[in-house]
2 protein chains.
Amino acid sequence: MTEASPSAPPRPDARPLYAQVEAILTGRIVGGDWPPGHALPAEPELAQELGVSHGTVRKALAALEARRLIERRQGKGTFVAQHTSEQARDHFFRVRDLEGREANPTSLVLSLHTDAATPAEAAAFALPAEAAVHRLRRLRLQDGQPFLVEEITLPAAIFPGFTLALGRELPDELYVLYQRRHGVTVVRTRESLSALPAGAAEADLLGVPPGTALLAVERRTWDAAGRVVEQRLSQLNTARFRYVMELD
Amino acid sequence: MTEASPSAPPRPDARPLYAQVEAILTGRIVGGDWPPGHALPAEPELAQELGVSHGTVRKALAALEARRLIERRQGKGTFVAQHTSEQARDHFFRVRDLEGREANPTSLVLSLHTDAATPAEAAAFALPAEAAVHRLRRLRLQDGQPFLVEEITLPAAIFPGFTLALGRELPDELYVLYQRRHGVTVVRTRESLSALPAGAAEADLLGVPPGTALLAVERRTWDAAGRVVEQRLSQLNTARFRYVMELD
DNA sequence: AAGTGGTCTAGACCACCGT
DNA sequence: CGGTGGTCTAGACCACTTT
């Protein structure tokens, strides 16, 4: 830790100590020193190693917990967060049925191939022009009924050799797979919602008349290192499901 | 504060001290002991009055700040939150233009009258059957162009004598008005989004062809005391504006 | 019993704001 | 300058989990 001695003259580090500790621990987690599920050192141990007090370590850990990078369990320890299907769906998948219950959909992969990024995609991902991206198109169904079409774009540089079995159901949430297979921990998304009439292809897939009003969700996704790691366009038939948001 | 003496036998209060302090302060704020904008006692003063340490008071205040019930300003003091137009819009109004800039709309009141709650409304507001509710219909415009129609329902018991000048622009966000004129502090909303074709009346108001896909937002609103204080249905033309959501 | 995270205290010092 | 909130420490004790 930077010295806090009374005579240190210029700029040790303008941020408070707990913020510095938070940054150090964030770096170790996103850098892979401690993989998902791994236990962090105990609080007194961290305090001694970093040369700060117990309380300062706890304040940093509280911030990491709020960002969902770690999980703390009394009596057991502190662990790097594992993305589980339930957590990922609960947190980032805002679709609920008309009674407010969470959807529990299955996924059908329609296509997956790799090609050159459009200029807009290259800009969004901060990639060179025409860098390789994977494009995934899938249909999500509840009780055998399709209700959501998604087109997902991933930079090949971040997801080398990304593969999925076509036409097969996906058991896990995609974000779990990103973490387990590619070390990508999703921590933030930004979504822009609009309403649009169903095109011929989407109408066919969703089993609705062309022109039916659909809810379009354009999502951009960031990982713990602050990189844009995914873009997706989802089109939702809101006859049986809604997009639900709580603000407080 | 409940005694924490080592010999207190049964259940003083299972919650941690800071949670008890938070509950006490919440009660004073929502009860009106300290109106919006009023300064709270200084931290050492609160600590002494409640018989807890400085650190415990600070932890409770941090929770109140996270809930946006108070604002702390270093060197000045801690104040009961004032809803300002900017804050209310920023936090609860998720509409942005296509470049991500915040909309800065004006409002046109189309109608305002009082009648009997529907059974669904009575249930939502926990009111007796056919209790009085105010119904407000308004149009929101940006640069003179309408883009949003809203129907707002308020329980008359919570908003006695609610009035607005018809056909006039509203300078302030409604939630500011709820707090200033009726002592209602909005702290939470839940929104359910769907896509639907524009009806004849909405199409006419928004200047779009009937059947145009609109984004429908059904909002339910709670105040700091946990009461449902508002329901509204907003219909948004997403040609120029989007509903934007950040999750992390 | 030992080790973990969770709570609480008492006190020091700093950064900012007003007079 | 005195008063405010913000940071940091050292240590005590509690609650929970595992051995």
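Lettering of chains follows the sequences in order, A, B, ..., and the numbering in each one begins at 1. Below, all heavy atoms of this structure are taken into account, side chains as well, without hydrogens, waters or symmetry copies.
Using a 4.0 Å cut-off between charged side-chain N and carboxylate O, B:Glu191 and B:Arg94 make no salt bridge.
Between B:Leu46 and B:Leu25, some side-chain heavy-atom pair lies under the 4.5 Å cut-off.
Checked options A:Phe159, A:Trp222, A:Phe92; the residue passing with A:Tyr178 is A:Phe159 (criterion: ring-ring contact (aromatic ring centres under 6.0 Å, His included)).
Using modelled atom types and a 3.5 Å distance limit, the side chains of B:Arg140 and B:Ser234 yield no donor-acceptor pair. In the model, A:Gln87 has no side-chain atom that pairs as donor or acceptor with a side-chain atom of A:Tyr175 under 3.5 Å.
Between the side chain of B:Gln20 and the backbone N or O of B:Arg15, at least one donor-acceptor pair lies under 3.5 Å.
Looking at residues two or more places apart in sequence or on another chain, you find a salt bridge (charged side-chain N to carboxylate O under 4.0 Å, His left out) between B:Glu43 and B:Arg58, B:Arg72.
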* B/S/- contact track for nucleotides 4-12 of chain D, protein heavy atom under 4.0 Å -> BBBBSB---
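With the end axes of the helix from C:dA1-D:dT18 to C:dG18-D:dC1 each set by five pairs, the angle from one to the other reads 10° at 10° resolution.
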